[in-house]
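Remarks on the structure that follows.
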Amino acid sequence: MVENAPMNVRVRFSPAPTGSLHVGSARTALFNFLFARHHGGTFVLRIEDTDRARSKDEWVVGIQDTLRWLGLDWDEGPVLQSERFSEYRTAASELLDRGLAYECYCTPEEIRERNDAAMTAGRSPGYDGRCRDLDDSQRVALAAEGRSRSVRFRTPDDGTSRFVDEIRGEVTVEWASVHDFVILRADDTPIFFLANAVDDLAMGITHVIRGEDLLDSTHRVLALREALGGGSPLSFAHLPLILGTDRAKLSKRHGAVALEEFRDAGYLPEAVCNYLALLGWSPDDGREVMDLDEVVDAFSLAGVTHAAAAFDHAKLDWMNGEWIRRLTLDELAERARPLAEERFGDRLDDELFVAGLRIGQERAVTIGQLLDQMEFLFVADDEFEIAAESWDKLVATERVDDALGAVEEHIARMEWDGAPVDLRDTLAAAAFEKPRKVMPAIYAAIEGRHAGLPVFDAIALLGQEKTLVRLRAARARLAR
RNA sequence: GCCCCCAUCGUCCAGUGGCCCAGGACGCCGCCCUUUCAAGGCGGUAACGGGGAUUCGAAUUCCCCUGGGGGCACCA
């Protein structure tokens with residue numbers, strides 16, 4: 001795969017710690033990781049916590065935990081921008097000295113009002129340049145009014161800004177439509193654009209791979225970068241956004257969006273990475289189920305698509321099943337055990353747990369769903385419940401008491417050896433020619449759900465006593 | 001409102017002028033297997049948004065329209 005990348009690739013993933021890692025950011029992290037590893041480069045983690053009001057330490061930790069869970073290990077960092085404020089202030093005052101930026105005394109409220117007015121008058125919003133050319137006496141007067149000062153970067157008045165995106169090709173915009181923007185807040189803390197430009201320069205970043213939502217801001221960051229001295233060339237690659245299946249912005253309404261939710265529901269990181277890699281990218285040979293090393297090997301920015309992709313939970317589910325089936329029983333048990341302990345507590349019997357996994361693995365979608373199916377093994381007889389929907393199915397079954405009675409008799413009489421139980425002859429003898437019709441009721445009575453782990457194995461795991469208790473309980477309830 | 005990006009089955013991708021009356025995957029439907037449901041096997045349904053232009057020939061090139069997404073913060 002030919003890729004014109006410099007020798008020493010340095011990329012960074014730079015999330016703002018204002019929430020847990022969600023699908024879109026995770027995909028960005030993944031693609032940065034893939035690009036770095038593919039080129040033997042360096043993957044840096046940088047935390048963009050310049051907005052002190054919205055950033056939280058717990059998210060700084062949480063994001064790192066999630067990246068580790070995904071297997072996206074970084075080589076440098078985390079670098080916290082909150083610890084580098086003096087660098088950004090120095091850069092800002094330098095721009096001020098050189099006239100590339102200016103002090104602005106407008107308050108956010110005033111700007112908002114003027115923007116609203118501009119909008120209703122049919123004009124475009126954006127800073128109107130009021131403080132652009134103040135002289136010293138005007139500045140002193142505004143400060144004397146008690147106004148605080150922010151620093152604004154002066155963008156060109158005319159001409160065209162252009163850069164070549166590694167994925168999209170040339171992207172241009174007229175400078176006239178890019179307004180002057182704040183780089184230092186009134187409280188002297190830096191804004192994203194400044195910190196971003198300063199750090200990419202300081203850290204020797206060679207490629208910026210991020211979401212398409214940042215495409216327009218690239219012109220501003222590039223202008224700032226140039227004002228700050230340029231440095232070596234920096235390539236940009238903007239990834240298509242991830243949307244919901246309805247093409248609307250991905251949100252909770254579309255199901256899980258935070259990576260923690262997927263972890264807690266029992267999705268495997270292999271499956272999540274695999275699925276995310278295929279959202280907006282595909283290998284030349286069309287493979288789909290690939291581990292991280294294989295993806296690293298095949299990865300290329302040239303293979304990234306241009307259009308936004310919809311996140312399809314159904315395909316992720318399928319892929320997770322594929323990955324669960326690729327695990328050995330020991331591996332599956334290792335992955336599932338923490339979730340099982342959390343869920344079943346002291347009632348968890350490890351031997352039974354592993355035995356349950358063994359019969360459930362081939363049909364599993366997620367570990368969480370597997371635990372749902374195993375719950376009946378770890379619940380006390382007096383806490384055992386049949387799901388409402390399943391009970392309805394049981395009641396609706398023709399000659400259900402006869403069927404349960406026949407099974408009860410079979411279990412009671414049989415010689416118990418722990419092997420799977422074969423009910424076919426028994427049901428046939430009781431004139432049930434089509435097991436398909438009565439099986440859901442038997443499942444419901446024994447497992448509490450009308451579909452679950454194969455009941456013949458389940459009975460063997462549950463034990464003769466408990467199985468009989470449940471069958472009798474179901475028949476007693478039926479008689480009421 | 002202005003600016004930017006994008007446009008192949010329901011969804012994710014393949015396709016870079018003839019190999020395409022468009023291929024794969026998920027989903028969906030049917031059949032097989034089956035002591036439930038799955039998993040697995042086999043088969044099926046289903047798309048180049050519209051209009052111009054270039055060309056012997058356009059899913060592939062260009063233009064317009066339409067549609068979708070993003071941006072226009074003292075968020076990132």
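Note on naming: letters A, B, ... go to the chains in the order of the sequence lines (proteins, then strands), and numbering restarts at 1 for each one.
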What I want to check is whether the side chains of A/R220 and A/N196 have a donor and an acceptor closer together than 3.5 Å. no
Determine, for A/F376 and A/R449, whether the Lys NZ or Arg CZ falls below 6.0 Å from the six-membered ring centre while staying within 45 degrees of the axis. no
Reckon A/C106 touches a base, only the sugar-phosphate, or nothing at all at heavy-atom distances under 4.0 Å? base
Contacts of A/H219 and A/P190 projected onto RNA chain B by closest heavy atom; the upstream (5') one is A/H219
For A/C131 versus A/C106, what's the shortest heavy-atom pair and its separation? SG-SG, 3.6 Å
Rounded to whole Å, NE2 of A/H306 lies from P of B/rG70 at a distance of 19 Å
Please report, rounded to the nearest Å, how far the C1' atom of B/rC74 is from the CZ atom of A/F153. 17 Å
Across the strands shown, which category fits A/L214 at heavy-atom distances under 4.0 angstrom: base, sugar-phosphate, nothing? base
Taking atom P of B/rC6 as reference, at what distance in whole Å does atom CG of A/D216 sit? 12 Å
Pick base, sugar-phosphate or nothing for A/A186, based on heavy-atom distances below 4.0 Å to the nucleic acid. base
Are there any protein N/O atoms within less than 3.5 Å of an N/O atom in nucleotides 32-40 of chain B, and if so, which ones and at what distance?
unit_1 : atom_1 : unit_2 : atom_2 : d
B/rU34 : N3     : A/R436 : NH2    : 2.7
B/rU34 : O4     : A/R436 : NH2    : 3.1
B/rU35 : OP1    : A/R424 : NH1    : 2.3
B/rU35 : N3     : A/V421 : O      : 3.2
B/rU35 : O4     : A/V421 : O      : 3.3
B/rU36 : N1     : A/Y443 : OH     : 3.1
B/rU36 : O2     : A/G452 : N      : 3.4
B/rU36 : N3     : A/Y443 : OH     : 2.9
B/rU36 : N3     : A/G452 : O      : 3.1
B/rU36 : O4     : A/R363 : NH2    : 3.2
B/rU36 : O4     : A/Y443 : OH     : 3.1
B/rU36 : O4     : A/G452 : O      : 3.4
B/rU36 : O4     : A/P454 : N      : 3.2
B/rC37 : OP2    : A/R436 : NH1    : 3.4
B/rC37 : N3     : A/R363 : NE     : 3.4
B/rC37 : N3     : A/R363 : NH2    : 2.8
B/rC37 : N4     : A/R363 : NH2    : 2.7
B/rA38 : O2'    : A/R363 : O      : 3.1
B/rA39 : O4'    : A/E362 : O      : 3.3
B/rA39 : O2'    : A/E362 : O      : 3.2
B/rG40 : OP1    : A/E322 : OE2    : 3.3

Separation of atom CG in A/D128 from atom C1' in B/rC72, rounded to whole Å: 14 Å
Under 4.0 Å, heavy atoms only, any strand: does A/T172 hit a base, just the sugar-phosphate, or nothing? sugar-phosphate
Does the cation-pi check pass for A/R27 over A/F31, that is, NZ or CZ under 6.0 Å from the six-membered ring centre and within 45° of its axis? yes
Any A/T189 side-chain N or O less than 4.0 Å from OP1/OP2 of B/rC74: no
From B/rC3, B/rG1, B/rC5, nucleotide with atom closest to A/L215 side chain: B/rC5
Mind listing the N/O atom pairs, protein and nucleotides 12-15 of chain B, below 3.5 Å?
unit_1 : atom_1 : unit_2 : atom_2 : d
B/rC12 : OP1    : A/R247 : NH2    : 2.5
B/rC12 : OP1    : A/A310 : N      : 2.9
B/rC12 : O2'    : A/L278 : O      : 2.9
B/rC13 : OP1    : A/G280 : N      : 2.5
B/rC13 : OP1    : A/T305 : OG1    : 3.4
B/rC13 : O3'    : A/S282 : OG     : 3.2
B/rC13 : O2'    : A/S282 : OG     : 2.9

Flag the pair A/S251 / A/V257 as yes when at least one side-chain heavy-atom distance between them is below 4.5 Å, and no otherwise. no
Taking the six-membered ring for Trp, is the centroid-to-centroid distance between A/F35 and A/H207 below 6.0 Å? yes
Would you indicate what A/N115 reaches in the nucleic acid, counting non-hydrogen atoms under 4.0 angstrom: base, sugar-phosphate, or nothing? sugar-phosphate
Check: B/rG71 base within 3.5 Å donor-acceptor of A/D213 side chain: no
For the rings on A/F153 and A/F193, is their centre-to-centre separation under 6.0 Å? no
Starting at atom CG of A/D116, determine the distance to atom P of B/rA73, rounded to an integer number of angstrom. 11 Å
Look at A/R147 and B/rC74 and indicate whether a side-chain polar atom (N or O) is within less than 4.0 Å of OP1 or OP2. no
Look at A/R210 and B/rA76 and indicate whether a side-chain polar atom (N or O) is within less than 4.0 Å of OP1 or OP2. no
For a quick check of understanding: with a heavy-atom distance under 4.0 Å over all strands, which category does A/S217 fall into, base, sugar-phosphate or nothing? nothing
Report the distance from atom CG of A/N320 to atom C1' of B/rA25, rounded to the nearest whole Å. 16 Å
Roughly, in whole Å, what's the span from CZ in A/F181 to P in B/rA73? 12 Å
Pairing of A/D422 and A/R424 as salt bridge, 4.0 angstrom limit: yes
What about the rings of A/H313 and A/F311, do their centers lie closer together than 6.0 Å? yes
